[in-house]
Number of protein chains: 2
Amino acid sequence: MVKPPSGPGPERPRRLGIKEIARRAGVAPMTVSRALNDPEKVSPDTRARILELVEREGFIPNQLASSMRSGRRIIGTMVPPLINSGIAEQVQGMSDVCHASGHQLLLIQGDFTPDAEENAIRALLGWQPAGLILQAFVQSPAARQLLQAGTAPIVEISEVRGHEPLDMAVGVSNFETAYAMTSHLVDKGYRRIGFVSTPVHGNDRLQQRRIGYRQALLDRGHRYEAPLEVELPITPAGGADAVQMLTEIDPAVDVIFCSSDTLAIGAVQECHRRGWKIPDRLAIAGYGDVDLAVQLFPALTTLRVNRYAMGRRAVEQLLRRLHGETDVPRIETLGFEIIDRESA
Amino acid sequence: MVKPPSGPGPERPRRLGIKEIARRAGVAPMTVSRALNDPEKVSPDTRARILELVEREGFIPNQLASSMRSGRRIIGTMVPPLINSGIAEQVQGMSDVCHASGHQLLLIQGDFTPDAEENAIRALLGWQPAGLILQAFVQSPAARQLLQAGTAPIVEISEVRGHEPLDMAVGVSNFETAYAMTSHLVDKGYRRIGFVSTPVHGNDRLQQRRIGYRQALLDRGHRYEAPLEVELPITPAGGADAVQMLTEIDPAVDVIFCSSDTLAIGAVQECHRRGWKIPDRLAIAGYGDVDLAVQLFPALTTLRVNRYAMGRRAVEQLLRRLHGETDVPRIETLGFEIIDRESA
DNA sequence: CTGTTAGCGCCTTCAG
DNA sequence: CTGAAGGCGCTAACAG
């Protein structure tokens, strides 16, 4: 963080304000404000005169000033890197609801260390957001404190199981999803089910997925000598490596459950490269149902959670709270769906 | 767009402000402000006292008020849907530079009709942005006018060829990139080179790619009876359809140049599905070098433009202008690279 | 229906 | 080095 930008700058030709519009329309500034925000409270012809002027001059109210005096209208969000994940869809969902409700989305993204995270939250809070949506894991206690001291409602998009939200939460139970997929694979007759995820350390979603996977195996009476689990970066290359590593651990592994489609796609490519038939020689299951999943050869068996809906829902929760609804559920669990295709 | 949010709301426990900090520190508000923004101008011990208090109370300056009085520190951006494209990387690049320079990114995204576009620009402008970055095509004349009337510098991330930017532009020449790839394919000995793109109407980048493709063929003396061109949605399914359609137009087509990796990946899958060897039976080339390209089987021959860098550069241009540099180039053309892998 | 007053929280400017 | 005054542009609250 460098020090804030330049000073007041040279006297740029200031865009004209409400006062000037008022003067030209021969009314008080307040009347212009009303014509814009509360048109019924102004007589039709004054209103017409004002709006015509506004239109002609291209007047755009200063939201900074407006938010200061009346309601806040920024919704701040902190997200992990947009690249390579369903995050983009979530942001899209958030964005859509925000705009439909007259809010603006202020976005902070990055790969957060606890320190950077605290800064990000500080930055967000400085803009007096009406609400906050956090999609990154809040780790630092300082950040937590900052958030709790604040007045803005907060929605975390997160694992909903075993996580006490700061305020509200929207998400799926990653435990359940992974449990369901693993059971599904067992039911399809697979005997040696491998599991890949990114490093789960400090990421409760992935942790829950792994626990769900393990629990499902346990419940179905599967027990392996060596755990068929690896941790790899969430890239196609990671998926390819998973094939390598898991077949080394146990050559008899017959399906790999990848905790992300990205991994799964990489794994599928690796099989092609080896000339392995999918799902006969090795089956692959993913998580996420990205666009490509259905088009992949062979089409990817995966698990769909509606990320776009999650983004929407998050903002909607915020809005309900802002509108003063009192019965807004603290935790909103969204559904999921196993998409059984060809790869497993 | 619904009418703006709720009123002032109930009297929430207002986060304490600079005045309160000042009172507790036994100084004037101004001194607190200085301690925060211009520490050298305050005596070491007053400063220490103030900062300690700020820290302890979790005071966060109100950026709204601050931006109003002094410099603007929002950078507004309008982007097409983040889903399914390199846009996310661009946003990441923008975001990174913004935060490093103490700015905030205000994001508006959507699938823009001219009307929605105008609204989006209005919305952005209302926040008094220090600068604007536009990645969507500005179509409506009203929007153009709004932008030109404003005082904020503007960077368009766009096609750089044959496009007169509103203010500044950063981008690649899509003509050159497509020309280069097409030539490359000719040089590799392909004789019947098909081309897929999304509907080019109103999208000058795609238009330029197609023109580049055509020009390269012309320059190399390739002439086809029926044009080997199709327009399809930029999805994997579109890529699959392209294989279908182009081989119908001309069964002898030996390579398909896809104007996006997404299309290319879909095309590759379709070949697998048909049991066609790539590149022997049909070769595929992409555009973009997404993550998966290198991992795909067979690895995708494609063209790399550094979208992250584009995002960074866009903000950097803005900042240079804001810092008063006068020799900022109007158009910044970034390079590209043909990545020759296995698929073509 | 319209206008006046006052002030959101901060910072520029000018005076100690 | 520190403080007081005043205002950025807008709108709540209260007159008229």
Side-chain angles (χ1 to χ4, degrees), chain A residues 3-12 14-23 25-50 54 57 59-74 125-128 130 151, chain B residues 3-12 14-23 25-50 54 57 59-74 125-128 130 151:
Chain A
K3 98 179 239 182
S6 51
E11 3 52 43
R12 328 193 122 182
R14 221 182 276 292
R15 188 180 282 278
L16 79 180
I18 205 174
K19 268 204 311 238
E20 183 56 18
I21 298 283
R23 203 184 54 71
V27 296
M30 195 54 232
T31 306
V32 175
S33 173
R34 271 195 282 253
L36 257 19
N37 301 318
D38 233 339
E40 318 89 64
K41 297 194 151 184
V42 175
S43 82
D45 59 333
T46 338
R47 180 178 28 187
R49 194 152 31 97
I50 292 173
V54 163
E57 300 296 339
F59 167 70
I60 300 175
N62 183 333
Q63 300 291 340
L64 257 26
S66 171
S67 310
M68 234 170 114
R69 198 72 190 87
S70 53
R72 320 173 148 187
R73 54 201 74 174
I74 282 183
L125 253 17
W127 290 99
Q128 313 296 110
T151 69
Chain B
K3 96 178 241 181
S6 53
E11 1 53 43
R12 328 193 123 181
R14 222 182 273 293
R15 187 182 282 277
L16 80 180
I18 206 174
K19 267 204 311 237
E20 183 56 18
I21 298 284
R23 202 184 55 69
V27 296
M30 197 50 235
T31 307
V32 175
S33 173
R34 272 196 282 255
L36 257 20
N37 302 319
D38 235 340
E40 317 90 62
K41 296 195 152 186
V42 175
S43 81
D45 59 332
T46 337
R47 180 178 26 185
R49 194 152 31 99
I50 293 173
V54 163
E57 299 297 339
F59 167 70
I60 300 175
N62 183 332
Q63 299 292 338
L64 256 29
S66 170
S67 308
M68 238 172 111
R69 202 72 192 86
S70 53
R72 316 170 151 191
R73 55 201 75 173
I74 282 184
L125 253 17
W127 291 99
Q128 314 295 109
T151 69

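Only this structure's heavy atoms are used, side chains among them; waters, hydrogens and symmetry mates stay out. A, B, ... follow the sequence lines: proteins, then strands. Residue 1 opens every chain.
Inter-residue side-chain proximity for A:Phe59 and A:Leu36 is flagged as met; some heavy-atom pair is nearer than 4.5 Å. Looking at A:Arg72 and A:Thr151, their side chains come closer than 4.5 Å, going by heavy atoms from C-beta outward. Side-chain contact between A:Pro61 and A:Ile18 is absent, with no heavy atoms from C-beta onward closer than 4.5 Å.
For B:Thr46, a side-chain nitrogen or oxygen approaches OP1 or OP2 of D:dT2 to under 4.0 Å. Taking only side-chain nitrogens and oxygens, B:Thr31 comes nearer than 4.0 Å to OP1 or OP2 of D:dG3. In terms of phosphate contacts, A:Ser43 brings a side-chain nitrogen or oxygen within less than 4.0 Å of OP1 or OP2 of C:dT2. Proximity of B:Ser66 to the phosphate of C:dC11: a side-chain N or O atom is located under 4.0 Å from OP1 or OP2.
Whole-Å rounding puts the B:Glu40 CD to D:dC1 P distance at 10 Å. Between A:Glu20 atom CD and D:dC8 atom C1' there is a gap of 16 Å when expressed in whole angstrom units. Following rounding to the nearest Å, B:Leu16 (CG) and C:dG9 (P) show an atom-to-atom distance of 11 Å. Rounded to an integer number of Å, the gap from B:Lys19 NZ to D:dA4 P is 13 Å. Whole-Å rounding puts the A:Ile18 CD1 to D:dG7 C1' distance at 16 Å. The distance from atom NZ of B:Lys41 to atom C1' of C:dC14 is 12 Å, rounded to the nearest whole Å. Rounded to an integer number of Å, the gap from CG of B:Leu64 to P of C:dC8 is 14 Å. Rounded to an integer number of Å, the gap from B:Met68 CE to C:dG7 C1' is 11 Å.
In terms of position on DNA chain D, the residue among B:Ala65 and B:Asp45 whose nearest nucleotide sits closer to the 5' end is B:Asp45.
Here C:dT2 is the nucleotide among C:dT2, D:dG3, D:dC10 with the atom lying nearest to any side-chain atom of A:Val42. In the set D:dG3, C:dT4, C:dA6, C:dA6 carries the atom at the smallest distance from any side-chain atom of A:Arg69. The nucleotide whose nearest atom lies closest to any side-chain atom of B:Asn62 is, among D:dA12, C:dT4, C:dC10, C:dC10.
Counting distance only, with no hydrogens placed and no angle test, the side-chain atoms of A:Arg34 and the base atoms of C:dG3 include a donor-acceptor pair under 3.5 Å.
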Does the pair A:Arg73 and A:Ser67 meet the rule for a side-chain contact (heavy atoms from CB on, under 4.5 Å), with working shown? CA-CA 7 Å; A:Arg73 54 201 74 174; A:Ser67 310; 3.7 Å; yes

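Although no hydrogens or angles enter the test, the distance criterion places no donor-acceptor pair under 3.5 Å between the side chain of A:Arg34 and the main chain of A:Lys41.
Among the heavy atoms of the strands, none lies under 4.0 Å from B:Pro29.
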